[in-house]
2 protein chains.
Amino acid sequence: MKPTDAELEILHVLWTNGPSTVRQVHDALSQSRDLGYTTALKLMQIMVEKGLLTREEDARSHTYTAAVSEEATQQGLVDRFVETAFRGSASKLVMQVLGQHKASREELDEIKLLLDHLNRPDDPA
Amino acid sequence: MKPTDAELEILHVLWTNGPSTVRQVHDALSQSRDLGYTTALKLMQIMVEKGLLTREEDARSHTYTAAVSEEATQQGLVDRFVETAFRGSASKLVMQVLGQHKASREELDEIKLLLDHLNRPDDPA
DNA sequence: TGTTTACTACGAAATTATTCGTAGATGAAT
DNA sequence: ATTCATCTACGAATAATTTCGTAGTAAACA
């Protein structure tokens with residue numbers, strides 16, 4: 001339930017491209033870094049054991065699908081991260097991120113909008 | 001420059017309590033989890049090698065001090081986390097955090113205030 | 001049909017992180 | 001001075017992650 005870094009890379013490929021073979025995942029990951037084919041295979045086999053992926057064995061080359069959603073996974077990662085890196089203070093994390101202007105103005109507006117809603121859950125608007 | 005989980009725990013103690021001996025750090029950590037004294041010692045020795053801590057050897061029991069600031073460390077952790085978990089989208093991370101109401105209303109207000117400033121850097125106020 | 005190619009299975013090496021035991025030294029207490 | 005408590009140093013076991021090589025199998029093809 002707590003994917004490692006390498007596992008996250010694979011999940012991202014599957015979340016983005018949908019169900020894929022080892023070959024397809026390996027091709028995608030190879031564009032950004034060096035990675036043996038059998039390494040990708042082994043990782044994906046382990047991920048099936050862990051329940052992170054499911055596997056269709058129809059054809060000769062199996063097709064893998066993410067068994068966990070991107071949202072749920074990221075939520076788990078964030079929870080853990082807030083605990084370990086920010087001693088549980090989610091707002092400190094947000095402040096740290098926003099203070100580093102890694103988000104565009106449009107993104108900031110979007111966030112502000114969300115905050116308005118959160119601040120006034122009883123607001124009719 | 002990239003502290004592990006155990007190292008972060010120790011850094012948090014030093015950031016909070018200031019320069020401390022292994023004994024003091026161990027006592028602090030023991031309150032929340034099981035940890036051998038020599039484990040804490042070993043970790044702190046390694047952290048000195050890595051440059052995460054400095055050590056005063058005046059007395060018999062050495063005094064350790066955090067050699068990295070909390071802000072800089074958290075910034076590094078956030079950068080890395082945004083990359084691995086959110087493929088570089090800082091705003092997605094923020095949305096995920098805020099959507100889970102882990103922050104109090106006061107904290108949300110504080111964040112909103114910061115956002116206002118970020119949105120209008122040319123604002124005289 | 002025989003050869004090449006592409007795939008899976010799996011063992012195991014390499015790396016990193018965490019853990020603790022033991023040994024040795026130094027200071028405190030009796 | 002001898003004993004006891006406390007400290008550092010350090011080797012090494014354990015665990016988790018990442019990596020890849022080799023072997024076996026089956027499809028594709030010449």
Side-chain angles (χ1 to χ4, degrees), chain A residues 1-14 19-65 68 73 76-77 80-81 83-85, chain B residues 1-14 19-65 68 73 76-77 80-81 83-85:
Chain A
M1 260 307 184
K2 183 197 57 168
T4 65
D5 284 359
E7 288 170 348
L8 254 186
E9 288 184 316
I10 289 171
L11 282 173
H12 273 294
V13 172
L14 295 177
S20 311
T21 63
V22 175
R23 174 64 54 193
Q24 292 169 321
V25 170
H26 177 254
D27 286 351
L29 292 181
S30 292
Q31 296 189 337
S32 47
R33 74 181 183 97
D34 238 24
L35 182 77
Y37 176 85
T38 56
T39 303
L41 170 66
K42 179 70 164 184
L43 282 171
M44 291 169 75
Q45 285 172 342
I46 291 172
M47 290 172 77
V48 170
E49 282 176 24
K50 291 188 182 176
L52 293 171
L53 307 182
T54 59
R55 172 166 66 179
E56 289 288 329
E57 304 194 4
D58 302 335
R60 184 149 92 90
S61 63
H62 306 166
T63 297
Y64 293 78
T65 306
V68 293
T73 302
L77 290 170
R80 183 177 145 72
F81 183 68
E83 276 312 312
T84 60
Chain B
M1 261 308 186
K2 185 197 55 171
T4 66
D5 285 359
E7 289 171 348
L8 256 185
E9 288 184 317
I10 290 171
L11 282 173
H12 273 295
V13 172
L14 295 178
S20 311
T21 63
V22 174
R23 174 64 53 193
Q24 292 170 322
V25 169
H26 177 254
D27 285 352
L29 292 182
S30 292
Q31 296 189 338
S32 47
R33 74 181 183 98
D34 237 25
L35 181 77
Y37 176 84
T38 57
T39 303
L41 171 65
K42 179 72 164 185
L43 282 171
M44 292 169 76
Q45 285 172 343
I46 291 173
M47 291 172 76
V48 170
E49 284 175 23
K50 290 187 182 177
L52 293 172
L53 307 183
T54 58
R55 172 167 65 179
E56 289 286 331
E57 304 193 5
D58 302 335
R60 183 151 93 92
S61 64
H62 305 165
T63 297
Y64 293 78
T65 306
V68 293
T73 302
L77 290 170
R80 183 177 146 72
F81 182 68
E83 276 312 311
T84 61

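Convention: sequence-line order gives letters A, B, ...; per-chain numbering from 1. Atoms considered below: every heavy atom in the structure, side chains included; atoms not considered: hydrogens, waters and symmetry mates.
One can place CG of B:D34 at 16 Å from P of C:dT18, the figure rounded to the nearest angstrom. Rounding to whole angstrom units, CE of residue A:M47 and P of D:dT19 are separated by 13 Å. Computed from coordinates, the A:E49 CD to D:dA16 P distance equals 14 Å when rounded to whole Å. At whole-Å resolution of the value, CZ in A:R33 and C1' in D:dC20 are 13 Å apart. For A:M44 and C:dT8, the CE to P distance is 9 Å, given to the nearest whole Å. Following rounding to the nearest Å, A:I46 (CD1) and C:dA12 (P) show an atom-to-atom distance of 15 Å. Distance B:L43 CG to C:dA17 P: 11 Å, rounded to the nearest Å. The separation between A:L35 atom CG and D:dT17 atom P is 17 Å, rounded to whole Å.
The structure places CD of B:E9 at 12.0 Å from CG of B:L14, a figure rounded to the nearest 0.5 Å. The structure places CG of A:L35 at 7.0 Å from CG of A:L43, a figure rounded to the nearest 0.5 Å.
Closest to the side chain of A:K42, from the set C:dA12, C:dA6, C:dT8, is C:dA12. Closest to the A:A6 side chain, of the nucleotides C:dC10, D:dT18, C:dC20, is D:dT18. Distance from the side chain of A:R23 is smallest for C:dC7 among the nucleotides D:dT18, D:dT8, C:dC7. Distance from the side chain of A:L41 is smallest for C:dA9 among the nucleotides D:dT19, C:dA9, C:dT19. When distances run from any side-chain atom of A:D5 to the nucleotides C:dT8, D:dT18, D:dA9, the shortest one goes to D:dT18. Relative to the side chain of A:Y37, the nucleotides C:dA9, C:dT19, C:dT8 differ in distance, and C:dT8 lies closest.
Checking side-chain atoms of B:T21 against main-chain N and O of B:Q24 turns up a donor-acceptor pair under 3.5 Å.
A 4.5 Å side-chain heavy-atom check between A:L77 and A:L8 finds at least one atom pair inside the cut-off. The closest side-chain heavy-atom distance from A:V68 to A:L11 is below 4.5 Å.
Of the side-chain N and O atoms in A:Q45, none sit less than 4.0 angstrom from OP1 or OP2 of C:dT8. For the OP1/OP2 pair of D:dC20 and a distance below 4.0 Å, the side-chain nitrogens and oxygens of A:T39 include at least one atom meeting the criterion. In this structure, A:R55 reaches the C:dA9 phosphate: one of its side-chain N or O atoms is under 4.0 Å from OP1 or OP2.
If A:K50 and B:R60 are placed on DNA chain D by their nearest nucleotide, the residue sitting closer to the 5' end is B:R60.
Within the nucleic acid shown, B:E7 has no heavy atom closer than 4.0 Å to any nucleic acid atom. At the heavy-atom level, A:T4 lies under 4.0 Å from the strands shown only through sugar-phosphate atoms. Using a 4.0 Å heavy-atom criterion, one finds that A:S61 contacts the sugar-phosphate atoms exclusively.
Ring orientation note: the planes of B:H26 and B:Y37 are nearly perpendicular, at an angle over 60° on the 30°/60° scale.
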